[in-house]
Engineer: 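One structure coming up, written as structure tokens, with questions to follow.
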Amino acid sequence: MVMIFTLVTAVQEKLNEIVDQIKTRREEEKKQKEKEAEEAEKQLFHGTPVTIENFLSWKAKFDAELLEIKKKRMKEEEQAGKNKLSGKQLFETDHNLDTSDIQFLEDAGNSVEVDESLFQEMDDVELDDDEDDPDCNPADPDSDLTD
């Protein structure tokens with residue numbers, strides 16, 4: 001009986017040791033995988049260090065690309081004949097445009113006549129006094145002023 005008890009306890013201790021070894025190996029493998037994943041992630045974010053020489057060479061290439069793109073646009077605009085002037089440039093170059101709208105209306109017979117006598121006696125016109133209205137709020141677009 002004593003002999004069996006000794007054997008069973010020895011086997012239990014050995015099994016516990018084996019289980020502990022398996023657990024530690026799994027934990028080490030997990031830590032190793034995490035470390036490898038972290039290093040792989042660091043490699044993704046690690047690029048070429050920027051130095052003055054690197055930056056200047058990149059900037060030269062970038063400026064050359066921009067210049068090439070601008071030249072292409074200019075050629076396309078020249079070929080398409082899209083050398084349009086802005087409104088300000090048109091008025092600065094051609095002073096006849098200042099009165100062209102008035103001449104257009106007169107030529108079309110659409111002259112506007114204003115009866116100035118309607119505006120001479122403004123004292124008779126009743127203007128609503130919104131100051132007395134408690135619902136009137138000039139800052140509010142939904143107030144009585146917009147009705």
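All of these numbers come straight from a predicted model, not from anything done at the bench.
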Engineer: Decide yes or no for Ile22 and Arg25: does some side-chain heavy atom of the first lie under 4.5 Å from some side-chain heavy atom of the second?
Structural biologist: yes
Engineer: Rounded to the nearest 0.5 Å, what separates atom CD in Glu36 from atom CD in Glu34?
Structural biologist: 11.0 Å
Engineer: Any chance you could measure Leu67, atom CG, to Phe62, atom CZ, to the nearest 0.5 Å?
Structural biologist: 12.0 Å
Engineer: Residues in salt bridge (Lys or Arg N to Asp or Glu O under 4.0 Å) with Lys42, at least two apart?
Structural biologist: Glu38
Engineer: Among Ile52, Thr51, Leu56, find the residue that satisfies the side chain to side chain contact (heavy atoms under 4.5 Å, CB included) test when tested with Asn54.
Structural biologist: Thr51
Engineer: If Ile, Leu, Val, Met, Phe, Trp and Tyr residues are connected whenever their side-chain heavy atoms lie under 4.5 Å apart, and connections chain through other members, are Ile18 and Val8 in the same group?
Structural biologist: no
Engineer: Which value, rounded to the nearest 0.5 Å, describes the distance between Thr24 atom OG1 and Glu27 atom CD?
Structural biologist: 7.0 Å
Engineer: Not counting sequence neighbours, which residues clear salt bridge (Lys or Arg N to Asp or Glu O under 4.0 Å) with Asp20? List them please.
Structural biologist: none
Engineer: How long is the span from the CD atom in Glu39 to the NZ atom in Lys35, to the nearest 0.5 Å?
Structural biologist: 6.0 Å
Engineer: Is Glu65 salt-bridged to Lys61, going by a charged N under 4.0 Å from an acidic O?
Structural biologist: no
